[in-house]
There are 2 protein chains.
Amino acid sequence: MMESFKINDKSFACPVDLTLNTIMGKWKPVILNNLMDGKKRYGELQKLLPNVTDRVLTKQLRELETDGIVTRKVYPVVPPKVEYSITDRGRTIKPILDAMCDWGSKFKVD
Amino acid sequence: MMESFKINDKSFACPVDLTLNTIMGKWKPVILNNLMDGKKRYGELQKLLPNVTDRVLTKQLRELETDGIVTRKVYPVVPPKVEYSITDRGRTIKPILDAMCDWGSKFKVD
DNA sequence: TTATATACTAACTAAAAGGATAGTATGTAG
DNA sequence: CTACATACTATCCTTTTAGTTAGTATATAA
């Protein structure tokens with residue numbers, strides 16, 4: 001049988017593919033970088049990422065949640081209050097983000 | 001003025017975005033991993049990646065070439081012979097691929 | 001009673017990425 | 001003269017991803 005890599009029911013033949021699939025998404029790296037500094041409410045994330053729409057922000061957060069990278073904590077209050085934080089698994093992604101940051105930084109201009 | 005990161009005329013506000021944009025593409029990581037072992041002819045890559053079509057393989061190779069990650073050497077013979085190899089810049093991506101490989105490997109199942 | 005704040009959801013559109021299939025160019029071997 | 005090998009290119013289609021705009025729920029404050 002062929003070896004495979006699984007994260008919440010999605011299967012990949014190659015570990016790199018699994019990783020890319022998990023942390024890709026136009027806004028996921030920024031979201032993660034922000035959450036590395038501590039938990040954030042939905043509205044805070046909105047302000048930190050002014051160019052992402054609600055629909056997309058929510059979607060990326062849900063995917064990260066499904067993959068066990070972030071947790072979503074809902075407070076039963078009105079108006080609603082929801083906090084997002086990074087999980088332990090999520091923290092293990094940091095070396096990758098750092099490596100990507102280092103590589104990309106070599107292309108800085110003025 | 002805002003800082004930015006540029007790779008062949010594409011601008012990014014964040015180094016991670018530049019990196020993702022450069023190495024993303026469904027087949028780029030595999031292509032790169034294969035080229036790390038040494039140059040390959042087009043037909044060899046085709047055999048190594050049996051699930052990618054010509055159109056897409058060519059496209060990914062061209063993008064990698066444009067970004068200075070691989071070089072394309074054409075021999076003026078018939079039938080054609082073209083060799084792809086990784087550049088020095090391309091080799092610097094290895095730590096990222098390795099980090100992604102390590103992370104994804106934690107999700108291995110039987 | 002009305003407005004407010006917050007975190008969404010719905011319906012739709014647009015753009016990007018990837019895939020399928022078929023075809024092209026041409027020196028050389030037979 | 002014909003077939004062959006190789007590395008593509010051209011069309012068209014499907015899927016995936018992202019973006020736009022508008023709307024919802026509801027305890028509380030005024």
Side-chain angles (χ1 to χ4, degrees), chain A residues 7 9-14 16-18 20-31 34-35 39-67 70-85, chain B residues 7 9-14 16-32 34-35 39-67 70-85:
Chain A
I7 189 167
D9 291 334
K10 286 170 294 182
S11 264
F12 300 89
C14 155
V16 177
D17 285 345
L18 180 148
L20 280 174
N21 206 281
T22 305
I23 64 169
M24 278 309 306
K26 192 157 165 192
W27 306 97
K28 286 183 187 175
V30 220
I31 292 171
N34 278 294
L35 292 183
K39 62 188 170 197
K40 299 273 181 304
R41 291 186 60 176
Y42 181 85
E44 296 182 276
L45 287 172
Q46 261 185 121
K47 268 156 222 146
L48 289 163
L49 290 75
N51 295 318
V52 65
T53 61
D54 280 333
R55 182 189 173 286
V56 175
L57 178 55
T58 303
K59 203 157 160 276
Q60 309 252 309
L61 285 168
R62 288 290 146 73
E63 289 172 11
L64 289 170
E65 194 193 358
T66 306
D67 288 341
V70 309
T71 43
R72 177 168 177 269
K73 180 165 183 190
V74 181
Y75 293 84
V77 296
V78 169
K81 174 175 176 180
V82 178
E83 274 175 0
Y84 290 92
S85 26
Chain B
I7 189 166
D9 291 334
K10 287 171 293 186
S11 264
F12 300 89
C14 156
V16 177
D17 285 346
L18 180 149
T19 303
L20 280 173
N21 205 282
T22 306
I23 64 170
M24 277 309 305
K26 191 157 167 193
W27 308 97
K28 286 183 187 176
V30 219
I31 292 172
L32 292 179
N34 278 295
L35 292 184
K39 62 188 172 198
K40 298 274 182 304
R41 291 187 58 175
Y42 181 85
E44 295 182 276
L45 288 172
Q46 259 185 124
K47 269 158 223 144
L48 290 163
L49 289 76
N51 295 318
V52 66
T53 60
D54 281 330
R55 181 189 172 285
V56 174
L57 178 55
T58 304
K59 203 156 160 278
Q60 308 253 310
L61 286 168
R62 287 291 144 73
E63 289 172 11
L64 289 169
E65 195 194 357
T66 305
D67 288 339
V70 309
T71 43
R72 177 167 177 268
K73 179 165 183 189
V74 182
Y75 293 83
V77 295
V78 169
K81 173 174 177 180
V82 178
E83 275 175 0
Y84 290 91
S85 27

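Below, chains carry the letters A, B, ... as their sequence lines are ordered, and counting in each starts from 1. Note that the structure is a prediction, hence the values are computed from the model and not measured. As a basis for the values below, the full set of heavy atoms in this structure was taken, side chains included, without hydrogen atoms, waters or symmetry mates.
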Is there a side-chain contact between [X] and the phosphate of [N], meaning an N or O under 4.0 Å from OP1 or OP2?
| X | N | value |
| --- | --- | --- |
| Gln46(A) | dC8(C) | no |
| Arg62(B) | dT9(D) | yes |
| Tyr84(A) | dC8(C) | yes |
| Gln60(B) | dG18(C) | yes |

- Query: In terms of side-chain heavy atoms of Arg41(A), which of dT6(C), dC8(C), dG18(C) is nearest?
  - Reply: dT6(C)
- Message: Nearest to the side chain of Trp27(A), heavy atoms from C-beta on, is which of dG19(D), dA7(D), dC8(C)?
- Response: dG19(D)
Take the protein atom [atom1] of [X] and the nucleotide atom [atom2] of [N], then report the distance between them rounded to whole Å.
| X | N | atom1 | atom2 | result |
| --- | --- | --- | --- | --- |
| Leu20(A) | dG18(C) | CG | P | 11 Å |
| Leu57(A) | dA18(D) | CG | C1' | 13 Å |
| Leu49(A) | dG19(D) | CG | P | 11 Å |
| Lys59(B) | dC12(D) | NZ | C1' | 15 Å |
| Met24(B) | dT17(D) | CE | C1' | 12 Å |
| Arg55(A) | dG19(D) | CZ | P | 10 Å |
| Leu48(B) | dA7(D) | CG | P | 13 Å |
| Asp54(A) | dA5(C) | CG | P | 15 Å |

So do [Y] and [X] actually touch side chain to side chain, heavy atoms under 4.5 Å?
| X | Y | answer |
| --- | --- | --- |
| Leu64(B) | Lys28(B) | yes |
| Leu20(A) | Pro29(B) | yes |
| Leu45(B) | Leu61(B) | yes |
| Asn21(A) | Ile7(A) | no |

Set out, line by line, the N/O atom pairs under 3.5 Å between protein and nucleotides 25-27 of chain D.
none

- Query: With sugar-phosphate meaning primed atoms plus P, OP1 and OP2, does Val82(A) contact a base, only sugar-phosphate, or nothing at under 4.0 Å between heavy atoms?
  - Reply: sugar-phosphate
- In Arg41(A), Lys81(A), Glu83(A), the residue satisfying side-chain hydrogen bond (donor to acceptor under 3.5 Å, both in side chains) with Tyr75(A) is Glu83(A)
- Between Arg62(B) and Tyr84(B), what is the shortest heavy-atom contact and its length? NH2-OH, 3.9 Å
- How far apart are the C-alpha atoms of Val52(A) and Lys26(A), what are their side-chain angles, what is the distance that settles it, and do they pass the side chain to side chain contact (heavy atoms under 4.5 Å, CB included) test? CA-CA 9 Å; Val52(A) 65; Lys26(A) 192 157 165 192; over 6 Å; no
